[in-house]
Asker: 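Here it is, the structure, as structure tokens.
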Amino acid sequence: MVAPRNVMAKQGYQASPRERAGAMAFAAVTTLLVFLIMWRMGAVTGFGDGKGTHLTAIDLSAQGQDEEKAQKQEQKRQKQAESAEAAVSQPVAAPPQVPVPGKVEWPEGFIELSRNDYRATDISNMKRAESGGAQQVGAGSPGDSASVGQGPGGVRLFAAQWYREPTDAEIGPYLPQRRMQGDWAMIACRTVEKYHVEDCQELGESPPGSGLARAIRQASWQFLVRPPRVNGKPQIGEWVRIRFDFRAKKGDPDRQVAG
């Protein structure tokens with residue numbers, strides 16, 4: 001059987017202009033669709049001026065390693081900066097201050113007393129209390145410290161009482177080598193916190209010029225003395241009188257704080 005188209009051709013059939021136009025339009029649309037598909041797939045790389053774009057290969061693994069290395073370096077710099085700030089901001093503890101014997105500077109000066117003043121300071125004429133030296137004569141209430149005269153600058157002096165007696169090892173390095181039976185030294189000190197005393201002044205010594213009062217004054221930074229009591233209350237900042245009597249056998253002082 002012969003195809004109709006061949007028959008039509010043999011018979012001299014010719015397509016009409018409308019049919020030809022439709023066929024051309026169909027061919028153009030088909031070509032355009034194929035071109036778009038190829039372009040989306042990357043088969044077409046350039047137009048017109050011949051300058052087409054080229055595909056670029058990117059090594060994502062190498063880029064990730066560089067970023068990770070940069071992050072580690074940044075973290076390391078931050079840790080170093082934090083360590084430096086912590087070292088700067090950390091306070092440095094000051095070393096504890098230990099009192100060094102002989103390096104404490106005390107106010108110099110010898111207060112001259114009259115014969116009557118010396119006689120008034122002689123505790124052998126006074127009655128000592130059984131509590132360890134605190135005198136009760138003239139006290140305002142039971143347990144109050146007695147006033148025993150005036151000290152430097154006219155301040156009132158009280159009879160004192162040891163909180164802890166100094167040892168021979170504490171005061172021995174300050175005392176002169178030659179001491180006789182009946183030698184004595186007396187000082188006046190201002191009481192401060194924690195039973196310590198300061199601003200000690202020399203009141204007298206026997207024999208005069210023996211240096212015993214100066215020695216006791218220089219060793220007084222180690223003394224622990226109870227503050228005087230007035231109306232049953234301790235008076236920190238008041239002045240007390242301390243006397244040392246020396247014995248001939250061993251040269252050890254008899255520590256009497258009750259003036």
Side-chain angles (χ1 to χ4, degrees), residues 96-101 103-114 116-168 170-171 174-175 184-206 212-246 253-259:
Q97 296 182 356
V98 180
V100 179
K103 290 189 177 181
V104 180
E105 295 183 358
W106 299 94
E108 298 292 340
F110 179 80
I111 300 177
E112 295 184 1
L113 301 178
S114 63
N116 293 332
D117 292 333
Y118 276 112
R119 187 179 300 109
T121 59
D122 188 359
I123 65 170
S124 62
N125 297 327
M126 300 179 183
K127 180 180 179 181
R128 297 181 58 188
E130 296 179 358
S131 60
Q135 300 183 20
Q136 307 299 328
V137 178
S141 62
D144 283 0
S145 301
S147 176
V148 291
Q150 293 183 347
V155 298
R156 182 172 57 170
L157 284 179
F158 289 91
Q161 182 181 4
W162 287 119
Y163 178 78
R164 179 188 67 83
E165 288 192 16
T167 63
D168 295 338
E170 290 175 341
I171 62 176
Y174 297 91
L175 297 175
W184 58 269
M186 187 163 50
I187 61 175
C189 300
R190 185 167 62 89
T191 57
V192 293
E193 296 286 344
K194 298 181 179 180
Y195 304 102
H196 286 277
V197 293
E198 63 180 15
D199 299 334
C200 293
Q201 306 271 334
E202 301 171 20
L203 294 182
E205 62 184 6
S206 178
L212 293 175
R214 180 177 65 253
I216 296 303
R217 175 178 57 80
Q218 291 175 347
S220 62
W221 63 273
Q222 305 170 97
F223 295 173
L224 295 178
V225 178
R226 298 181 186 276
R229 300 182 66 86
V230 177
N231 295 327
K233 297 181 180 180
Q235 305 296 314
I236 298 176
E238 295 292 342
W239 288 71
V240 294
R241 189 173 62 187
I242 303 173
R243 172 167 170 155
F244 280 71
D245 290 306
F246 297 91
D254 182 14
R255 305 168 186 90
Q256 301 176 7
V257 295

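This one's a predicted model, so the numbers in the text were calculated from it and none came from an experiment.
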Asker: Testing the basics here: between Gln150 and Leu157, what is the closest heavy-atom pair and its distance to 0.1 Å?
Answerer: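 That closest heavy-atom pairing would be O-CD1, 3.6 Å.
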Asker: I'd like to know if the side chain of Gln161 and the backbone of Ala159 have a donor-acceptor N/O pair within less than 3.5 Å.
Answerer: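 No, because the side chain of Gln161 does not come within donor-acceptor range (under 3.5 Å) of the backbone of Ala159.
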Asker: Once you round to the nearest 0.5 Å, how far does CG of Leu203 lie from CE of Met186?
Answerer: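 The CE atom of Met186 is 5.5 Å from CG of Leu203, to the nearest 0.5 Å.
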Asker: Which value, rounded to the nearest 0.5 Å, describes the distance between Arg214 atom CZ and Cys200 atom SG?
Answerer: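 One gets 15.0 Å once the value is rounded to the nearest 0.5 Å.
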Asker: From the options Phe246, Tyr174, Trp184, select the one residue that forms a side-chain contact (heavy atoms from CB on, under 4.5 Å) with Leu212.
Answerer: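 Single side-chain contact (heavy atoms from CB on, under 4.5 Å) partner of Leu212 among Phe246, Tyr174, Trp184: Phe246.
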Asker: Roughly how far, to the nearest 0.5 Å, is CD1 of Ile171 from OG of Ser220?
Answerer: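 Nearest 0.5 Å value for the OG-CD1 distance: 11.5 Å.
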Asker: Would you please name every residue forming a side chain to side chain contact (heavy atoms under 4.5 Å, CB included) with Ile236, sequence neighbours left out?
Answerer: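 Checked Ile236 against side chain to side chain contact (heavy atoms under 4.5 Å, CB included); matches are Glu193, Pro227.
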Asker: Could you report the tightest heavy-atom contact between Lys194 and Leu224, atom names first, then the distance?
Answerer: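 Nearest heavy atoms, Lys194 then Leu224: O-CD2, 3.9 Å.
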Asker: Taking Gln222 for its side chain and Glu170 for its backbone only, find out whether a donor-acceptor pair lies under 3.5 Å.
Answerer: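 Yes; at least one donor-acceptor contact below 3.5 Å.
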Asker: So, the side chain of Thr191 versus the backbone of Gly237: is there a donor-acceptor pair under 3.5 Å, distance only?
Answerer: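 Side chain of Thr191 to backbone of Gly237, a donor-acceptor pair under 3.5 Å: yes, one is there.
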Asker: Heavy atoms only: give me the nearest Cys189-Val197 pair and the separation to one decimal.
Answerer: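 Looks like CB-CB, 3.6 Å.
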Asker: Shortest non-hydrogen contact from Phe223 to Ile187?
Answerer: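 Smallest interatomic distance, heavy atoms only, reads CE1-CD1, 4.2 Å.
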Asker: Once side chain to side chain contact (heavy atoms under 4.5 Å, CB included) is applied, do any residues pair with Arg229, and if so which ones, sequence neighbours excluded?
Answerer: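 Counting only residues at least two positions away or on another chain, Arg229 forms a side chain to side chain contact (heavy atoms under 4.5 Å, CB included) with Asp144, Ser145, Pro234.
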Asker: For residues Gly204 and Ala213, report the shortest heavy-atom separation together with the two atoms involved.
Answerer: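 Scanning both residues, the minimum pair turns out to be O-CB, 3.7 Å.
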Asker: Hey, mind stepping through Gln235 and Phe158 against side-chain contact (heavy atoms from CB on, under 4.5 Å) and telling me if it holds?
Answerer: CA-CA 10 Å; Gln235 305 296 314; Phe158 289 91; 5.9 Å; no
Asker: Relative to the ring of Phe244, is the ring of Trp162 parallel (under 30°), tilted (30 to 60°) or perpendicular (over 60°)?
Answerer: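 The arrangement is perpendicular - the two ring planes meet at more than 60°.
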Asker: For Trp239 versus Pro152, what's the shortest heavy-atom pair and its separation?
Answerer: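 Taking every non-hydrogen atom into account, CZ3-CG, 4.1 Å.
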